[in-house]
Amino acid sequence: MVRDEINWMLDVLPENELNVARSYIEMVHRKYMYQKTLEDKAMHTHEFMCGPYFYKIEQA
């Protein structure tokens, strides 16, 4: 539904306005990918610190 609305809006824009829309979409995409990367790294760190190897070190 959201994609359909966005596509409809983009279809009526002239080329120069599409460039503006593209810039905003790129900003949102970069922010999303940055946040996702941070979350993925945090998950790997959490898994490392709480995984079986850490548990074995604690037991020693």
With I25, which residues qualify under side-chain contact (heavy atoms from CB on, under 4.5 Å), at least two apart?
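Applying side-chain contact (heavy atoms from CB on, under 4.5 Å) to I25 gives none.
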Set of residues satisfying salt bridge (charged side-chain N to carboxylate O under 4.0 Å, His left out) with respect to K36, sequence neighbours excluded
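K36: salt bridge (charged side-chain N to carboxylate O under 4.0 Å, His left out) contacts with D40.
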Can you pull out every salt bridge (Lys or Arg N to Asp or Glu O under 4.0 Å) where at least one residue sits in residues 10-21? Sequence neighbours excluded, please.
none
By the side chain to side chain donor-acceptor pair (under 3.5 Å) test, which pairs, at least two apart or in different chains, include something from residues 20-30?
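Residue pairs passing side chain to side chain donor-acceptor pair (under 3.5 Å), neighbours aside: R22-E26.
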With a cutoff of under 4.5 Å between side-chain heavy atoms, which Ile, Leu, Val, Met, Phe, Trp and Tyr residues group with Y32?
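Direct or chained contacts put Y32 with M33.
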Connected hydrophobic set around L18, excluding itself, where side chains approach under 4.5 Å
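Traced through the cluster, L18 reaches V2, I6, L10, L13.
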